[in-house]
Structure formats: C-alpha cells, structure tokens
Amino acid sequence: MNYDKKTVLVTGGAGFIGKHTVKSLVDNGFDVIVADRKEQPSDLNCKYYQVDVASDEFENIFKENLVDNIIHLAALPSVADSIAMPLVDCHDNYQATVNVCTTAKKYGVKKIVFSSTAAVYANPQYLPVDEKHPTSYLSPYAITKNASENFIKYCGIDYIIFRYANVYGVGQDAFGEAGVVAKFFDLMTQNKPVQIHGNGKQYRDFIYVSDVAKSNVLALQTDVSNEIINVSTNKKTSINDLFEVLKEELNYTIEPIYTESRAGDIEKSILNNGKLISMFDFTPSIDIRTGIKTMIENYKQQGAYA
Ligand SMILES: NC(=O)c1ccc[n+]([C@@H]2O[C@H](COP(=O)([O-])OP(=O)(O)OC[C@H]3O[C@@H](n4cnc5c(N)ncnc54)[C@H](O)[C@@H]3O)[C@@H](O)[C@H]2O)c1
C-alpha cells in the first residue's frame, strides 16, 4: 500500500521531534493535522487541535477530518518524570497510545508510526543492540513504551514502531530530562558549570533530530509496514566526549562537576541501524560535531537557546 500524499495526524506535533517532523511532512507535500495538549506554537502553521490525546475529545479530530495516517509522538518523554509520576507516565504514554489506536481503528486509519525508545532494551546484553534483542525495563517509561508497542501490534492497523536512540538538536527543551545535549548546551552558552552524573564514561547513540524527522516521513513514503526499526547512528559518544565537543565548539573553559549516577539511567547504548538502512535506503548521516555546529549556528541567529 502506498501511504504517501495523504492526511497525517501528528500527535505531540508541538514538541521537539514533532515540530521537525511536521516541517518535513509539509515539505514533502503531506497535509498535516497536529494534536497536542500545548497551545499552538506560533511557528507551527497547520491545522491544530489543542487536546489531550488520551481524552474523549480526541475523537473530534476524526469526526471533522479524514485521517489517513498517524505519527504518534505525544508522550511524557522523561525517565526521571516517569519514576516521579508513574500515573502521569501511564496516562501520557500507555493510555494515550490505547486511545490513539482504538480511535484510529474505528475511523479506518491506514498506518500508525510510533516513537518508541532505546529504553526498552534496558542495559543491553550485547552491542550494538539490534531489534531482536529482548526487551526489559529500568523505569516506568520503558514499561509503558513497551506496553504501547504491544498494543499497537495488537490493534490490527499497519504500523512502524521506531525505537529512537538519544535524539538531540535545535528546539529541544533544555529543562526537560530527555536532552543531555540541550542541557549542556544551555548551561555552557551561559558560561555556567555542568554536572555529569557518574564518571561520564557512560555512552549513548546520539541522533540529530532532522534524521529522525526524515525517518518518520520515510515511514509513510514506503510500503514497509509491521516492523520494529531502530532509528540511530550506530556510533557511540560518551558523556565526556559530548562535553569535550561542546567545550571545543563553544570555547568553554569551566571543568565539569561529577555527581552520583541516577536511577533508571542506561549505562551503555548503541543501536544497530542496519534495518533502517536496508528497509528505507536511508543512513542517518549527521555526526555529533556537525549537529552541535548546527545548534551553534541557530543559537547565533536566534541570540538565545531555542
Ligand atoms: N527526545 C528523545 O531523545 C527521544 C528518544 C526516544 C524516544 N522519544 C520519543 O519521541 C516522542 C517525542 O519526544 P520529544 O523529545 O519531541 O518530546 P516533547 O516533550 O518535546 O514532545 C512531546 C509532545 O507531546 C505532547 N503531549 C504529551 N502528552 C500528551 C497528551 N496526553 N495529549 C496531547 N499531547 C501530549 C507534549 O505537549 C509535547 O508537545 C516521544 O514519544 C518520546 O518518548 C524521544
């Protein structure tokens, strides 16, 4: 089935990955509707519903529009928040997904693209982690993402489940827990000290947000469906390396402060992206230094972290 050039509902479209995804969809000729709890951001020019996607009002979107496909990004994307507020996590991650799927089924939606996470692999048994690796959990966030994946598979609509590595880039909230790059960037551009949890040798697979947005669009431009696919670079960057790149690019001179490790944090994560490359003929190509340089360019233009 060709899912291209159809109306796409993007849940969480006012968020960090959402805004980049909406822009890529519009650039590729899709008609886009956004559903998000936030007020409509001034830089998001598309049909917009301010709504909790776990609520009954969510269905109004389908009564008023023909929705062909859904990119489901709305979530509480924070491990720390999920530990502090597991019921909110359950609402925004699992209940929201169940509501999106059951409503989508009722109105004949063709495909759901879901934003899952490397957190479902917990502390990996081998690296780089491929999609066959068993799932587990270190946090409520991983539990509700895993349950959401299963509900999507259960509900009987064509799907692509993407498991994103650590996403970073322009527009990420520096105050949320999800973005270590955004947090460091914000502090370092203000010449404030940075805290590194643990010894900084823990490493991640950092993927630039426009590569994630491109994957979301490709999921609707191909007939690949009913697959779980890592969205990642297959490259490791330690938190110490990340700090060094930012330090060099920003001419920052303050030494980091090392503190206790945090509960729920994964120690080492790199995701194998072979399936993404072979199924979508797409290799995420923006390395960490290039991504940070893009953030610095944007920072200079905006005159502030944005
Ligand atoms: N940022 C990352 O590194 C990363 C990594 C893996 C997976 N993900 C997943 O990608 C998706 C997008 O993440 P992000 O970084 O853009 O987060 P974000 O917080 O910037 O965006 C999420 C958006 O969802 C909205 N939202 C949350 N709950 C809602 C609800 N019940 N009803 C309506 N709107 C709701 C928020 O208002 C927000 O605009 C999430 O599902 C997240 O779990 C992100």
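Ligands are counted one by one from 1 in listed order, and the atoms in each one are counted from 1 as well.
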With distance as the sole criterion, is a donor-acceptor pair present between the side chains of Tyr49 and Asn65 under 3.5 Å?
yes

Would you say Val53 has any N or O atom under 3.5 Å from an N or O of ligand 1, going by distance alone?
yes

Against Leu25, only a single residue in Val10, Asn69, Asn216, Asp31 fulfils side-chain contact (heavy atoms from CB on, under 4.5 Å); can you say which?
Val10

Between Ala165 and ligand 1, which part of the residue brings a heavy atom under 4.0 Å of the ligand: side chain, backbone, both or neither?
backbone

Hey, looking at atom 21 (O) of ligand 1, which of Ala14, Gly15, Ala182, Ala35 has the closest heavy atom?
Gly15

Should the proximity of Val51 to ligand 1, defined as any heavy atom under 4.0 Å, be assigned to the side chain, the backbone, both, or neither?
backbone

Residue pair Phe185, Tyr299: steps toward the ring pair (Phe, Tyr, Trp, His ring centres under 6.0 Å) verdict
CA-CA 10 Å; Phe185 191 93; Tyr299 175 80; 5.8 Å; yes

For ligand 1 and Gly12, I'd like to know whether there is a polar contact (N/O to N/O, distance under 3.5 Å).
no

Can we call the ring centroids of Tyr208 and Tyr168 under 6.0 Å apart?
yes

Which atom pairs, donor and acceptor, lie under 3.5 Å between side-chain atoms of residues 88-97 and protein residues at least two apart or in another chain?
residue : atom : partner : partner atom : Å
Asp89   : OD1  : Asn93   : ND2          : 2.5
Asp89   : OD1  : Thr144  : OG1          : 3.3
Asp89   : OD2  : Thr144  : OG1          : 2.9
His91   : NE2  : Asp52   : OD1          : 3.4
His91   : NE2  : Asp52   : OD2          : 2.8
Asp92   : OD1  : Arg37   : NH1          : 3.0
Asp92   : OD2  : Arg37   : NH2          : 2.9
Asn93   : OD1  : Leu76   : N            : 3.0
Asn93   : ND2  : Leu76   : O            : 3.3
Thr97   : OG1  : His72   : NE2          : 3.0
Thr97   : OG1  : Asn93   : O            : 2.6
Thr97   : OG1  : Ser148  : OG           : 3.3

Part of Ser116 with heavy atoms under 4.0 Å of ligand 1, whether side chain, backbone, both or neither:
backbone

If you measure from atom 3 (O) of ligand 1 to every heavy atom of Ile17, Val167, Ile207, Asp173, which option wins on shortest distance?
Val167

Heavy-atom pairs closer than 4.0 Å: do any link ligand 1 to the side chain of Tyr141, the backbone, both, or neither?
side chain

Hey, does Lys145 sit under 4.0 Å from ligand 1 if you only count heavy atoms?
yes

Based purely on interatomic distance, does Ala96 place a nitrogen or oxygen under 3.5 Å from a nitrogen or oxygen of ligand 1?
no

Just heavy atoms, cut-off under 4.0 Å: does Arg163 contact ligand 1 by side chain, backbone, both, or neither?
neither

